[in-house]
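Here's the structure, in structure tokens; my notes come after.
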Amino acid sequence: MGSFQTPIGMRSSTLLETSCGFLLQELQIIWDEVGEDKFEREKVLLDLEQECLEVYRRKVDRANISRACLHQELAEAEAEFTHLLLSLGERSLPGRPEKRAGTLKEQLDSITPALREMRLRKEERLNQFRAVQGQIQKISAEIAGNSENEPTTIVVNENDLSLKRLEEYQNELQRLYNEKNERLQQVEKYIDIIHSLSTILGKDSSAIIMEVHPSLNDLCGITKNISDTILEKLNTTMESLFEEKQNRLNKLHHLGKALSNLWNLMDTPYSDRQSFSHVINLLSVSSADVTDPGSLTLEIVQQTEAEVKRLDQLKASKMKELFQKKQEELELICKKSHVDIPSKAEMNNIINLINSGEIDHSDLLMSMDEQISRAKEEASSRKAIMEKVEKWMLACDEERWLEEYSRDENRYSVSRGAHKNLRRAERARIMVGRMPALVDLLIKMTRNWEEERNKVFLYDQVPLMEILEEYNILRQEKEEEKKKQQSWEKKKVQSQVVVERDNTYASRPGTSNRRLPSRSFNGGLDSPMPLNRRLSMSIQQLGSNSIISGNQGTPFIRDGRNVQRKKTFGEPGLPSYTRDEESPLVSTHSGPFSP
């Protein structure tokens with residue numbers, strides 16, 4: 001008991017401060033009054049102590065359990081808070097201290113509002129994810145063409161609710177929105193093109209679009225199908241319409257050309273052409289430029305085909321007349337260009353074939369058009385030379401006129417039109433003076449032409465080079481005869497001066513002295529035709545020949561140059577006064593001269 005006293009005493013002193021101490025004191029008084037022995041007293045006190053320990057133990061155990069629950073609750077709260085931070089992708093919550101302090105209840109109370117805030121944020125974030133993923137699922141179904149199917153349940157990964165992940169979904173949603181808009185725009189573009197092409201081709205665009213998919217019709221009131229399959233069908237439909245448009249345009253081009261050729265061949269009046277003028281207008285238009293509604297309908301194509309067929313039948317009956325017109329056109333081109341044309345026998349043979357029906361009309365017209373085209377090309381290549389030839393012939397005509405004018409004794413008399421003749425004579429002398437250079441240029445141009453084409457340049461079936469060379473030979477002979485004539489005139493004048501010295505009469509003016517020999521040379525009946533006049537007349541006769549006369553001019557070259565000069569120009573004789581003889585007299589004229 002002694003060992004127990006100290007704890008008892010200590011417990012007693014402690015209990016005295018409490019109600020238990022008063023009760024123990026009261027129990028001691030009762031025991032003293034009763035006379036309870038110490039053993040019983042110690043036993044009772046021991047029982048009391050045991051009972052107190054059990055009560056304390058129960059209280060401590062309960063307190064330990066409560067403390068453990070608080071620790072677990074705090075740990076779970078911390079773990080949930082940390083998980084929410086990680087799932088939401090946030091490092092910390094503003095306003096929550098990083099270090100824990102205070103009792104467990106204080107720590108739990110401090111974390112509970114932050115945990116509640118994080119739970120609210122999680123719910124909001126989940127709603128955002130569900131909305132975004134729902135839109136993604138809906139638009140993806142529209143793009144895939146499965147918008148009519150029931151939507152599947154949206155599953156959100158709660159372990160990753162970060163803003164980064166949400167931004168990825170939003171970017172995906174934006175990409176799908178853009179793709180959807182692009183597809184809608186592409187569908188609208190396809191529909192507009194199909195509508196435009198259908199209007200041009202005279203087709204019902206609504207029926208064509210309904211065949212692709214009913215949702216593409218705005219009147220249906222359902223979401224448009226923008227799947228790859230629909231876009232491919234729209235593209236195929238558009239390409240088929242474009243192809244049909246091109247085919248119809250090509251057909252109308254072919255029919256329009258045939259129609260235009262038939263009109264031109266048969267000289268169809270303008271009034272009869274008006275009903276198909278829209279077809280002719282399409283000849284110079286490409287497929288992209290054809291935008292007028294109803295311009296390529298099937299009815300127009302059929303009407304044009306019927307008209308071409310009718311004109312073909314009419315052409316067969318007028319084939320002979322058309323061939324003759326083509327023949328006349330060909331002959332006119334050949335005549336203007338002085339080239340050979342098909343013989344009459346060949347043309348008569350073709351006409352007989354037309355009458356007998358043994359020749360195809362289209363091939364014949366095509367052959368005639370090719371001949372006309374070649375003739376035009378030949379004429380175009382000869383144009384520059386022919387212009388110089390015409391200029392040369394005109395100069396030869398002026399040279400002939402100048403010789404006749406020089407033989408006129410009254411050319412300087414005062415009469416009506418005399419000043420005009422003087423001016424013309426001056427212009428003629430200028431043209432005659434330029435003839436050698438013109439002939440040299442003609443020879444050069446003709447040689448170049450012949451070298452480029454490796455053939456002879458014929459003028460009415462006569463080689464032009466031989467004509468020009470013959471002209472140069474005659475010109476040289478003329479110059480030689482001119483020199484002889486001048487020498488003869490000089491001797492004549494000298495003999496006349498001797499006679500005049502012996503004459504008793506007064507001397508006459510110098511002009512009369514020059515006119516007297518002019519009469520003897522130019523006006524005498526016994527003087528032969530001058531070489532200038534013979535040369536000019538021969539060239540004029542060659543230039544005025546027709547196509548048939550060109551055949552007669554062939555011996556002109558074949559018989560040799562010497563024989564030709566004799567046949568065409570005659571024997572050379574005394575020439576008339578030339579420009580050198582008349583220049584002193586004409587130079588006294590004060591009037592203006594044309595170049």
Side-chain angles (χ1 to χ4, degrees), residues 1-130 155-163 165:
M1 293 294 295
S3 61
F4 185 72
Q5 279 292 342
T6 302
I8 293 297
M10 293 175 61
R11 287 193 295 271
S12 298
S13 62
T14 304
L15 291 175
L16 289 177
E17 296 177 1
T18 63
S19 58
C20 291
F22 289 110
L23 291 174
L24 183 58
Q25 186 179 3
E26 185 177 359
L27 182 60
Q28 289 288 348
I29 293 172
I30 294 173
W31 281 341
D32 289 339
E33 185 178 354
V34 174
E36 191 72 38
D37 56 2
K38 291 183 179 181
F39 180 77
E40 289 295 332
R41 289 183 182 186
E42 290 293 334
K43 183 179 179 181
V44 171
L45 290 175
L46 183 61
D47 292 337
L48 289 174
E49 186 177 2
Q50 286 295 123
E51 290 177 1
C52 287
L53 287 175
E54 291 177 2
V55 171
Y56 274 115
R57 189 176 289 110
R58 287 195 299 269
K59 292 296 183 180
V60 171
D61 291 340
R62 195 175 300 164
N64 282 331
I65 293 172
S66 177
R67 183 183 64 178
C69 290
L70 288 176
H71 273 293
Q72 183 178 1
E73 187 177 353
L74 182 61
E76 291 177 355
E78 289 286 351
E80 183 181 359
F81 185 83
T82 303
H83 177 72
L84 290 175
L85 284 176
L86 293 176
S87 62
L88 295 176
E90 297 181 3
R91 296 183 177 180
S92 63
L93 182 67
R96 179 179 177 273
E98 293 293 333
K99 296 182 178 180
R100 292 183 295 175
T103 63
L104 294 177
K105 289 185 177 181
E106 288 176 353
Q107 294 178 21
L108 187 60
D109 291 340
S110 67
I111 198 175
T112 300
L115 184 60
R116 189 182 302 112
E117 177 68 20
M118 293 301 293
R119 287 172 180 171
L120 291 176
R121 290 190 180 187
K122 176 183 177 181
E123 191 64 28
E124 292 178 358
R125 193 71 58 82
L126 282 173
N127 293 333
Q128 291 178 350
F129 270 86
R130 291 191 186 98
V155 180
V156 180
N157 183 13
E158 296 185 5
N159 294 325
D160 189 2
L161 299 176
S162 63
L163 291 175
R165 184 62 175 170

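Not measured: the values here are computed from a predicted model.
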Stepwise side-chain contact (heavy atoms from CB on, under 4.5 Å) test for L48 and E51
CA-CA 5 Å; L48 289 174; E51 290 177 1; 4.3 Å; yes

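- Side-chain contact check for L163 versus L88: every heavy-atom pair is 4.5 Å or farther apart.
- Looking at heavy atoms from C-beta onward, L45 lies in side-chain contact with Q28 at the 4.5 angstrom threshold.
- Separating the NZ atom in K122 from the CG atom in L115 is a distance of 10.5 Å, to the nearest 0.5 Å.
- Contact check for W31 versus V44: side-chain heavy atoms found under the 4.5 Å cut-off.
- In this structure, the salt bridge (charged side-chain N to carboxylate O under 4.0 Å, His left out) partners of E80, at least two apart in sequence or on a different chain, are R119.
- Note that the CZ atom of R125 and the CD atom of E158 stand 13.0 Å from one another [nearest 0.5 Å].
- Note on residues 58-68: pairs passing side chain to side chain donor-acceptor pair (under 3.5 Å), not counting sequence neighbours, are N64-R67.
- Remark: E73 pairs with no residue by the salt bridge (charged side-chain N to carboxylate O under 4.0 Å, His left out) rule, at least two apart or across chains.
- One distance of note links CE of M118 with OG1 of T82; it measures 9.5 Å at 0.5 Å rounding.
- Salt-bridge annotation for D32 and R41: present, with a side-chain N of the basic residue lying under 4.0 Å from a carboxylate O of the acidic one.
- The distance from atom CZ of F81 to atom CG of L86, rounded to the nearest 0.5 Å, is 10.5 Å.
- When only modelled atom types and interatomic distance are considered, Q50 and E54 share no side-chain donor-acceptor pair under 3.5 Å.
- Rounding to the nearest 0.5 Å places CG of N157 at 9.5 Å from OG of S87.
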Using the rule given for side chain to side chain donor-acceptor pair (under 3.5 Å), can you reason through Q128 versus E124, listing the C-alpha separation, both sets of side-chain angles and the distance that settles it, and then say yes or no?
CA-CA 6 Å; Q128 291 178 350; E124 292 178 358; 5.8 Å; no

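- Looking at R165, its side chain never comes within 3.5 Å of a backbone N or O of D160 through a donor-acceptor pair.
- Judged purely by atom type and a 3.5 angstrom limit, E106 uses its side chain to pair as donor or acceptor with the backbone of T103.
- Note: L126 CG to L161 CG = 5.0 Å, rounded to the nearest 0.5 Å.
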